There are 2 protein chains.
Amino acid sequence: MTEKDDFSLQDFLPFLLNRAAEESSLAFQAHYKNRYGMLRNEWRVLFHLGIFGQMTAKEIGERAKIHKTKISRAVAKLAARRFVSRSRDEKDRRSEHLRLTPAGEAAYRDLRSQAQTYDAQLAQRFTPQEVALLRHMLRQLAGIEAPRSHDAEHRGDG
Amino acid sequence: MTEKDDFSLQDFLPFLLNRAAEESSLAFQAHYKNRYGMLRNEWRVLFHLGIFGQMTAKEIGERAKIHKTKISRAVAKLAARRFVSRSRDEKDRRSEHLRLTPAGEAAYRDLRSQAQTYDAQLAQRFTPQEVALLRHMLRQLAGIEAPRSHDAEHRGDG
DNA sequence: TCTTGTTAGTTACAAAATCAACTATTAATT
DNA sequence: AATTAATAGTTGATTTTGTAACTAACAAGA
């Protein structure tokens, strides 16, 4: 099983990113799955509501780039478990405002603390500067952060 | 929709890694999907065989950390499309050796070139040093590379 | 040889993701 | 006002994944 071609799959960014994402999600996944029977999209919705207090399904979808059907199903499950409450917007009765119930808040706080611990654990493998750069590059690749355009910056019109 | 909690989901590494992985996979995915009707695990298997020439399903699974059922199905599809050929190992008739057919080789070369172009495009957003560090950290997080003990490396020379 | 255990790979069934079509409501156009 | 288009969210059909059980082949020990 020796290489006959020098292309390195293990250096191909999309592959590498996927592997790193999968691997680094495992431990946290175990937590929300075992402790709360939650799915990936469920904790994501939970976290958004925990962080922002009140949002519509649409706003969550836009911010997390999760498709509306996933949001819909995640919200349905969270609502069934009384982790979120829903209330219609009286100005626009198509959309509804979501927020955490006390039980949802409790679950959020628990998972958030897990997340913080786990994140710190992952970050510990590198220096603070490296981690900062890593997050920056990942935000960049994720399309969360605008590319820092070297050209524009040097032209002085940014 | 203003933050009421200072936890940043967008900095949480598992979330960030997933988003970056998804986003950075889109363009390449479009390629193997549209052009060859392939699935993620199929191009991964194809690439492994393209790079290593001949492997068993087990070897591919170990190297790429893909579960054996995924490999099995990916190989079945690739074999049905005459992209890979299978031959039993006569010493151990449980396992079989997989290799690309000429058609598979052609598909591999096409996709490999796409991958190279695309990877370069992604890398272009950063300096070469940054990209090298990024890959290193991702390999680290993916469990491909052993952690380097920074105590040793960072203690002496800044 | 005859268990017993292990391994390579497949298959079956359940869980989840994807995509399209749908309802209800609001906005825009005539 | 009536018609058409757009939007928020849900539902259903299909595809893909995940998990467990399975078959076939080998291995080791009694």
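Proteins get letters first, then strands, A, B, ... in listed order; numbering begins at 1 in each. Only a predicted model underlies this, so the values are computations on that prediction, with no experimental measurement involved.
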Interatomic distance, Tyr32(B) OH vs dT16(D) P [rounded to whole Å]: 12 Å
Whole angstrom value for the distance that separates P of dT17(D) from NZ of Lys70(A): 13 Å
Nearest-angstrom distance from the residue atom NZ of Lys33(B) to P of dT15(D): 13 Å
Upstream residue (5' side of DNA chain C) when Asp92(B) and Asp92(A) are each assigned their closest nucleotide: Asp92(B)
Atom-to-atom span, CD of Glu42(B) to P of dT15(D) - whole angstrom: 14 Å
Whole-Å gap separating C1' (dT7(D)) and CD (Glu96(A)): 14 Å
Arg19(A) to Ala142(B) - nearest heavy-atom pair and separation: NH2-O, 3.3 Å
Among dT10(D), dG12(D), dG9(C), the one nearest Arg73(A) by side-chain distance: dG12(D)
By side-chain hydrogen bond (donor to acceptor under 3.5 Å, both in side chains) - contacts of Asn18(A) (at least two apart): Ser25(B), Arg40(B)
Among dG9(C), dT26(C), dA16(C), the one nearest Arg86(B) by side-chain distance: dG9(C)
Value in whole Å for how far the C1' atom of dG9(C) lies from CZ of Arg88(B): 8 Å
Plane angle bin for Tyr118(B) and Phe28(B) - parallel if under 30°, tilted between 30 and 60°, otherwise perpendicular: parallel
Distance-only donor-acceptor test, Arg94(B) side-chain atoms vs dT7(C) base atoms, 3.5 Å: yes
Sugar-phosphate only, base, or nothing, as touched by Leu39(B) at under 4.0 Å among non-hydrogen atoms: sugar-phosphate
Steps toward side chain to side chain contact (heavy atoms under 4.5 Å, CB included) verdict (Leu134(A), Leu141(B)): CA-CA 11 Å; Leu134(A) 174 64; Leu141(B) 291 167; 4.1 Å; yes
Phosphate OP1/OP2 of dT10(C): any Ser72(B) side-chain N/O under 4.0 Å: yes
Sugar-phosphate only, base, or nothing, as touched by Thr69(A) at under 4.0 Å among non-hydrogen atoms: base
Contact nearer the 5' end of DNA chain D, comparing Glu90(B) with Lys58(A): Lys58(A)
Given DNA chain C, 5'-ward residue of the pair Lys68(A) and Arg40(A), judged by closest heavy atom: Arg40(A)
Plane angle bin for Phe47(B) and Phe12(A) - parallel if under 30°, tilted between 30 and 60°, otherwise perpendicular: parallel
Euclidean distance, atom CG of residue Asn18(B) to atom C1' of dA17(C) [Å, nearest integer]: 14 Å
Nearest-Å distance for atom pair CZ/C1', residues Arg93(B) and dG9(C): 14 Å
